[in-house]
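This report concerns only the one structure given below.
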Amino acid sequence: MRTQVAIIGAGPSGLLLGHLLFKAGIDNIIVERHSADYVLSRIRAGVLEKVACDLLDECGVGARMHAEGLVHDGIELLFKGSRHRIDMHGLTGGKSVTVYGQTEVTHDLMDARKAQDLPTIYEVADTVSLHEFDGQKPKVRYQKDGQTHEIECDFIAGCDGYHGISRASVPAAALRTYEKVYPFGWLGILADVPPVSPELIYANTGRGFALCSMRSKTRSRYYVQVGSDEKVENWSDDAFWGELRLRLDPQTRDRLVTGPSIEKSIAPLRSFVAEPMRFGRLFLAGDAAHIVPPTGARGLNSAASDIYYLYHALVDHYKKRDDAGLDGYSQKALARVWKGQRFSWWMTTLLHRFPESSAFDRRLQETDLAYLFSSQKALASLAENYVGLPF
Ligand code: RFL
Ligand code: PHB
């Protein structure tokens, strides 16, 4: 088999890149470890910044997002028992975010890919290997139905997430990694109950962080901070709702509607960056190159901005014979990635209860929150990061 761009991973990064390239007339094949249903069963991001929405529009798959997504102009921070609204729209000169689940984004992109009969090879398990990406003719091998297959290509896009094979295929000496593991995780629940509030509530409480989010007007997504060694089996739905209630202000608590969970899982919190993001003809994008704690809602959005740079660089290569975009990809993408890292780390530090924190650390956190709400400039800084920094 031969293609122009072999894409590893059919998560949002891989599917987005695949469809943008298809629209530009550039052939691509996606190879995915799991089945489509498995990929769709992972409940992850919920908040899209404009770049992600614009890319979906450019793919021609934005219709459902515009019809069903919820445009949010603000968020609330809850601390010391009361809620404080941040008017993102006002503070950023009219910008907002769209609440539309990653599952739906993936669904829309998968449907569009299927409708065009574009090649996606699912369920290749752990058989994928990357070859000769330091030369002119990279190859991707995988096994399917007991047979080994090979794709010859011009470029490989490693869109296979944190645990993927792409980054792992790079010689260790060529890679520099940066990592921070937080001493807690988020226990998340998805339930078909109306959201407790029209906007997201990020809560800093003595019992730990909580987040009230949503997927639609009838489906809610809630999270509570839990210890790193916590097991999801130990959390009944009742225990979850009970703990969430304890982390809300009285008014919100009274409005909370509970119901059976349709998904419950624990996500560890971690910051990670691998540099560079290009090795010869292999380009890393999305979670394959960087992970953020979800507090700033940056992960999928950072992935979308990588895809934006990579897509334009590939189009320039094929249509204009101009490789400046490919040559500058790593540096450009990393500059934005690190800003997303900084914001996610700051939001995480601002809002969570750290087990080892001293009285001094807690006073600093309180002062950070007090300063934020005493300064329009500080609020504007939070808002411009949350809606997505300009390119
Ligand atoms: P993904 O989604 O991990 O997809 C990678 C795909 O590659 C496949 N794969 C392989 N395929 C072939 N061969 C191999 N060897 C392979 N190894 C892996 C995998 O099966 C998978 O299908 O990475 P991608 O596409 O870069 O997308 C990144 C996003 O998924 C991630 O950044 C976000 O979900 C992060 N995130 C959030 N981001 C936001 O922008 N806004 C949010 O509100 C937000 N909330 C969240 C989040 C992540 C969370 N978790 C669970 C970590 C909330 C949570 C709880
Ligand atoms: C979510 O709805 O899953 C979500 C929203 C905002 C975040 C993280 C996760 O910051």
Check residues 187-197 and write down every donor-acceptor pair under 3.5 Å in which the side-chain atom is one partner and the other belongs to a residue at least two apart or another chain.
unit_1	atom_1	unit_2	atom_2	d
D192	OD1	R219	NE	2.7
D192	OD1	R219	NH2	3.4
D192	OD2	R219	NH2	3.2
S197	OG	E199	N	3.2
S197	OG	E199	O	2.9

ring-ring contact (aromatic ring centres under 6.0 Å, His included) against [X], all qualifying residues, sequence neighbours excluded:
X    : value
H66  : none
F79  : H84, F373
F360 : none
F209 : W186, H352

**Message:** Checking the side chain of Q341 only, and the main-chain atoms of I291 only, is there a donor and an acceptor separated by less than 3.5 Å?
**Reply:**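 At least one qualifying donor-acceptor pair exists.
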
**Item:** Check: E76 side chain, Y202 main-chain N or O, donor-acceptor pair, under 3.5 Å
**Value:**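 Not a single qualifying donor-acceptor pair exists.
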
**Prompt:** salt bridge (charged side-chain N to carboxylate O under 4.0 Å, His left out) between R247 and E243: does it pass, once the steps are laid out?
**Reply:** CA-CA 7 Å; R247 299 186 191 191; E243 185 57 40; 2.8 Å; yes

List for me each residue that meets salt bridge (charged side-chain N to carboxylate O under 4.0 Å, His left out) alongside [X], sequence neighbours excluded, and say none if there are none.
X    : result
D237 : K264
R336 : E49
D316 : K320
R33  : D126

Looking only at non-hydrogen atoms, find the nearest pair between [X] and [Y] and report the distance.
X    : Y    : value
L282 : S166 : CD2-O, 3.8 Å
G325 : A313 : C-CB, 3.3 Å
S344 : R298 : OG-CG, 3.3 Å
T103 : R42  : OG1-O, 3.7 Å
N28  : P119 : O-CG, 3.6 Å
A174 : F279 : O-CE2, 3.5 Å

**Request:** Evaluate the side chain to side chain contact (heavy atoms under 4.5 Å, CB included) criterion for residues L334 and E275: first the C-alpha distance (whole Å), next the side-chain angles of each, then the deciding distance (0.1 Å), finally the verdict.
**Result:** CA-CA 8 Å; L334 282 166; E275 291 183 346; 3.6 Å; yes

**Result of checking F343, F272, Y178, W345 against W338 for ring-ring contact (aromatic ring centres under 6.0 Å, His included)** =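 The passing option is Y178.
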
**Prompt:** Is it true that the NZ or CZ of K144 lies under 6.0 Å from the centre of Y142's six-membered ring and within 45 degrees of the ring axis?
**Reply:**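 The answer is no, since K144 fails at least one limit relative to Y142.
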
**Prompt:** So, is the end of the R278 side chain (NZ or CZ) under 6.0 Å from the ring centre of Y329 and within 45° of the ring's axis?
**Reply:**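 No, R278 and Y329 do not form such a contact.
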
Close side-chain approach of [X] to [Y], heavy-atom, < 4.5 Å:
X    : Y    : value
I8   : E32  : no
T106 : V39  : yes
V128 : R141 : no
F184 : L269 : yes
P138 : F155 : no

**Request:** Quick one: name the residues clustered hydrophobically with V181, using the 4.5 Å side-chain heavy-atom rule over I, L, V, M, F, W, Y, and just say none if it's on its own.
**Result:**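 Traced through the cluster, V181 reaches no other member.
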
**Asked** K50: what forms a side chain to side chain donor-acceptor pair (under 3.5 Å) with it, not counting sequence neighbours?
**Response**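 K50 satisfies side chain to side chain donor-acceptor pair (under 3.5 Å) with D54 only.
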
**Asked** Which residues pass the side chain to side chain donor-acceptor pair (under 3.5 Å) test with Y309, sequence neighbours left out?
**Response**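 Y309 satisfies side chain to side chain donor-acceptor pair (under 3.5 Å) with no other residue.
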
**Message:** If you apply the rule side chain to side chain contact (heavy atoms under 4.5 Å, CB included), what do you find for Y38 with E123, and how did you get there?
**Reply:** CA-CA 10 Å; Y38 180 92; E123 298 185 86; over 6 Å; no

**Prompt:** Would you find more than 12 non-hydrogen atoms of other residues, nucleotides or ligands less than 6.0 Å from D117 atom CG?
**Reply:**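 For D117, atom CG is not crowded (no more than 12 foreign heavy atoms under 6.0 Å).
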
**Request:** Run the salt-bridge test on K23 and E58 with the 4.0 Å N-O cut-off and return the result as yes or no.
**Result:**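 Answer for the salt bridge query: no.
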
**Request:** Evaluate the salt bridge (charged side-chain N to carboxylate O under 4.0 Å, His left out) criterion for residues E132 and K139: first the C-alpha distance (whole Å), next the side-chain angles of each, then the deciding distance (0.1 Å), finally the verdict.
**Result:** CA-CA 6 Å; E132 296 169 54; K139 294 172 186 64; 3.4 Å; yes

